Amino acid sequence: MAHLVGKRITLVMTALALGLAAAGSAANAEDLDGRLTGVLHAAGFSGQVEARLPARLGRPVNRQLADLGRLLWFDTSGGLHSDNTCGGCHSPANGFGDSQSIAIGVQNNNRVGPNRAGPRNQRRTPTAVNTAFYPKLMWNGRFAALSGDPFDNSAGYSFPQPEGTSRFPPYDPIVTHLLIAQAHIPPTELVEVAGFTGTKGTIGPEFDQFDDGLGSVVPLPDASGFRNEPIRQAVLERLNSTPAYRRKFGALFPAVAAGGAIDFIMFGRAIAEFEFTLVFANAPIDRYARGEKSALSESQKRGALIFFGKGKCVQCHAVAGQSNEMFSDFQMHVIGVPQLAPAFGVGKGNVIFDGPGRNEDFGLEQITGNPADRYKFRSSPLRNVALQPAFFHNGAFTRLEDAIRHHLDVFLSVRDYDPITAGVDNDLTLPIGPMAPVLARLDPLLATPIGLGPEEFRNLLAFVREGLLDERARKEHLCRLVPRAVPSGFPVLQFEGCPRRGGESE
Ligand code: HEC
Ligand code: HEC
């Protein structure tokens with residue numbers, strides 16, 4: 001008897017447990033959505049940032065101006081030796097970011113992709129997508145809107161010398177966005193676009209030399225004063241002597257139609273306008289925040305809770321206020337990224353790196369001169385990060401999971417780091433630069449390892465990889481922006497990641 005009663009009780013309890021489990025999973029899902037919605041709200045995330053672009057600009061995007069910017073983006077006529085242009089490094093096959101771990105600029109093989117070859121610069125090219133919303137640009141934040149808002153020039157835009165704070169002063173009626181100012185810079189960069197000959201070096205005595213591509217390091221002529229302006233004038237001469245550009249600028253700028261010269265502000269406005277069309281900030285996380293509960297999978301939701309919670313990610317990859325929901329606080333931190341450097345010399349690198357071994361990157365210190373800022377880099381905005389072939393300022397990792405795992409235990413990651421297993425290109429597999437001084441400055445937020453179980457890690461990865469990806473940033477959509485021909489008539493770079501060049505005609 002007692003035996004039978006016992007059995008019955010077991011049966012009842014099993015049935016009860018099963019019922020509870022079913023009800024529990026529904027309640028769990030609700031609870032998951034309830035928790036995540038609350039967390040996003042508390043973090044200041046609305047999923048509305050893209051929709052606000054025209055309001056922030058105070059006008060709609062001008063498609064004709066943007067299209068001119070697109071042609072300039074892909075036209076090597078902006079380089080004094082016609083061998084590079086924005087698109088050579090900011091590739092449509094990679095969300096308008098690098099196809100390499102460290103950018104290759106001038107003297108390249110006219111290819112963009114894994115087989116691009118030529119002297120390396122110092123850092124990986126970040127994506128240009130969504131830069132319209134960045135209050136600070138570059139790995140060390142050196143181009144900044146002093147108002148904290150790229151759409152607001154009331155405090156002016158700040159650049160390192162020679163532009164400084166006076167070149168783009170407060171309340172300029174035309175330079176009304178940080179990207180208009182930014183576009184003044186790349187064409188003047190010797191290693192990126194301009195090339196070496198016929199220019200003057202001012203960055204510092206150690207930069208007054210270059211690899212001439214023939215095996216010798218040659219001092220630049222006349223290392224004095226301002227070199228950027230003469231380069232811009234030379235670029236403008238090239239544009240002004242191209243009839244197709246005169247027509248296209250003339251259709252947009254009455255001064256050019258009336259016979260006046262194309263100036264650099266016009267160039268900057270066209271480029272910036274193109275960048276405004278590269279806003280792709282409608283990812284699953286945005287749709288979810290706007291109420292579409294099925295936009296994220298359960299795993300991505302759990303990953304999001306880790307991102308905004310015990311993973312501490314949001315403490316640097318912030319979404320509130322001036323971060324414009326870009327997953328960056330736009331502050332500089334030391335996170336202990338292994339220090340890669342190419343050898344300097346023919347076909348290797350054309351930038352002399354920092355430190356006694358010339359194999360370091362001092363990051364923010366390069367700009368402030370303050371040793372306390374050594375090895376600090378900007379928290380990377382994380383939208384569309386899945387489209388990158390490499391991660392961090394030097395592409396030290398080529399798998400997203402490795403880049404995330406690095407944060408979880410920086411000391412272990414550095415101890416075990418091997419450039420070959422990390423998957424970087426052969427020319428970057430030299431022994432890495434010193435790490436003890438980097439780790440000594442590690443951001444306190446990452447000083448203690450963050451413990452995540454394997455499933456938690458998979459969820460976090462799923463959130464970062466898919467939850468932050470706007471499908472429109474994929475190459476399937478962006479490759480069609482590559483023009484078949486450009487106004488200068490120069491050959492268009494060959495994009496290995498794009499199935500076929502063009503689609504849209506000039
Ligand atoms: C040689 C490769 C190269 C070329 C060519 C190039 N860039 Fe870049 N770009 C970079 C690298 C590398 C960085 C980051 C540099 C750093 O932080 O020190 C960058 C940064 C940027 C940024 C800031 C992105 C961010 O996340 O803050 C913008 C915007 C940009 N470039 C636009 C352009 C435009 C416009 C052109 C053409 C006029 C251009 N670039 C040409 C390599 C290149
Ligand atoms: C202390 C601030 C800080 C915290 C906390 C932090 N990050 Fe980062 N993260 C950075 C910085 C700074 C960089 C860029 C470092 C560099 O390139 O030198 C970065 C880069 C990245 C990158 C590479 C992006 C790219 O463009 O290459 C990923 C992915 C990333 N973080 C994900 C995460 C995740 C996920 C978490 C939470 C587990 C996290 N981060 C926590 C500061 C932080």
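Just so you know, these numbers use all the heavy atoms, side chains as well, and skip hydrogens, waters and symmetry mates. Keep in mind that what you see is a predicted model, and the values were worked out from it rather than measured. In listed order, ligands and their atoms are each counted from 1.
The angle subtended at atom 8 (Fe) of ligand 2 by NE2 of His317 and NE2 of His407 is 170°, given to the nearest 10°.
Looking from atom 20 (C) of ligand 2 to the surrounding protein, the closest heavy atom is Phe392 CE2, 3.3 Å. The protein heavy-atom contact nearest to atom 37 (C) of ligand 2 is Cys313 SG, 1.9 Å. Protein heavy atom at the shortest distance from atom 4 (C) of ligand 2 is Cys316 SG, 3.4 Å. The nearest heavy-atom contact from the protein to atom 11 (C) of ligand 2 is Ser379 CA, 3.6 Å. Closest to atom 18 (O) of ligand 2, if we only count protein heavy atoms, is His393 ND1, 2.6 Å. Nearest protein heavy-atom neighbour of atom 42 (C) of ligand 2: Ile335 CG2, 3.6 Å.
Of the options Val61, Asn130, Leu179, a side chain to side chain contact (heavy atoms under 4.5 Å, CB included) to Glu275 is made by Leu179 and by none of the others. Screening Phe133, Tyr134, Phe45 against Phe327 for a ring-ring contact (aromatic ring centres under 6.0 Å, His included) leaves a single residue, Phe45.
Every atom of ligand 1 is numbered from 1 in the order shown, and the set under 4.0 Å from a heavy atom of Gly105 is 1 (C). For ligand 1, the atoms sitting less than 4.0 Å from at least one non-hydrogen atom of Arg124 are 12 (C), numbered in the order shown with element in parentheses. Ligand-side atoms of ligand 2 in range of Leu382: 22 (C), 24 (C), 28 (C), 29 (C), 30 (C), 32 (C), range being under 4.0 angstrom from any heavy atom. Of all atoms in ligand 1, numbered sequentially from 1 with element shown, those under 4.0 Å from a heavy atom of Asn121 are 1 (C). Of all atoms in ligand 1, numbered sequentially from 1 with element shown, those under 4.0 Å from a heavy atom of Cys86 are 34 (C), 35 (C), 36 (C), 37 (C), 38 (C), 39 (C), 41 (C). Taking every heavy atom of Leu179 and a limit of under 4.0 angstrom, the matching atoms of ligand 1 come to 29 (C). Heavy-atom proximity to Leu400, at under 4.0 Å, picks out these atoms of ligand 2: 29 (C). Those atoms of ligand 1 that come under 4.0 Å of a heavy atom in Thr85, given as number and element, are 5 (C). For ligand 1, the atoms closer than 4.0 angstrom to any heavy atom of Cys89 are 1 (C), 2 (C), 3 (C), 4 (C), 5 (C), 42 (C), 43 (C). Here is the list of ligand 1 atoms found below 4.0 Å of a heavy atom in Glu275: 29 (C), 32 (C), 35 (C). Near Asp443, the atoms of ligand 2 lying under 4.0 angstrom from a non-hydrogen atom of the residue are 1 (C).
Under a 4.0 Å heavy-atom criterion, Lys376 is not in contact with ligand 2. Within the structure, ligand 1 has Arg142 among the residues with a heavy atom less than 4.0 angstrom away. Ligand 1 is approached by Trp73 to a heavy-atom distance shorter than 4.0 Å. Taking a 4.0 Å cut-off on heavy atoms, Gln388 registers as neighbouring ligand 2.
No side-chain donor from either of Arg116 and Asn110 sits under 3.5 Å from a side-chain acceptor of the other. Asp361 and Asn394 share no donor-acceptor pair across their side chains, judged by distance under 3.5 Å alone. No side-chain donor from either of Tyr157 and Gln182 sits under 3.5 Å from a side-chain acceptor of the other.
Only the side chain of Arg378 comes within contact range of ligand 1, with a heavy atom under 4.0 Å; no backbone atom does. At a heavy-atom cutoff of 4.0 Å, ligand 2 is contacted by no atom of Ile306, backbone or side chain. Residue contacts with ligand 2, taken as heavy atom pairs separated by less than 4.0 Å, do not involve Ile450 at all. With a 4.0 Å cut-off on non-hydrogen atoms, Gln315 does not touch ligand 2 at all.
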Applying salt bridge (charged side-chain N to carboxylate O under 4.0 Å, His left out), run through Arg120 and Asp427 and close with a yes or a no.
CA-CA 10 Å; Arg120 297 234 186 233; Asp427 64 316; 2.7 Å; yes
Going through the checks in order, is the salt bridge (charged side-chain N to carboxylate O under 4.0 Å, His left out) test met by Asp98 and Arg123?
CA-CA 10 Å; Asp98 218 316; Arg123 295 179 185 140; over 6 Å; no
Check the pair Glu273, Leu68 against side-chain contact (heavy atoms from CB on, under 4.5 Å), reporting the backbone distance first and the verdict last.
CA-CA 9 Å; Glu273 206 72 9; Leu68 176 54; over 6 Å; no
Can you check side-chain contact (heavy atoms from CB on, under 4.5 Å) on Glu50 and Asp470, steps first, answer last?
CA-CA 11 Å; Glu50 174 171 333; Asp470 184 323; 4.0 Å; yes
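A centroid separation of less than 6.0 Å is found between the aromatic rings of His184 and Phe168. Residues His406 and Phe392 bring their aromatic ring centres within 6.0 Å. Between Phe495 and Phe74, the ring centre distance stays below 6.0 Å.
Taking any N or O of Ala103, backbone or side chain, none lies under 3.5 Å from an N or O belonging to ligand 1. On a distance-only criterion, Trp139 and ligand 2 share no N/O pair closer than 3.5 Å.
Ranked by closest heavy atom to atom 12 (C) of ligand 2, the top entry among Phe377, Phe308, Tyr375 is Phe377. Residue Pro126 holds the heavy atom nearest to atom 24 (C) of ligand 1 of all those in Pro126, Gly363, Ala270.
Below 30°, between 30° and 60°, or above 60°: for Phe249 and Tyr245 the angle between ring planes is between 30° and 60°, a tilted geometry.
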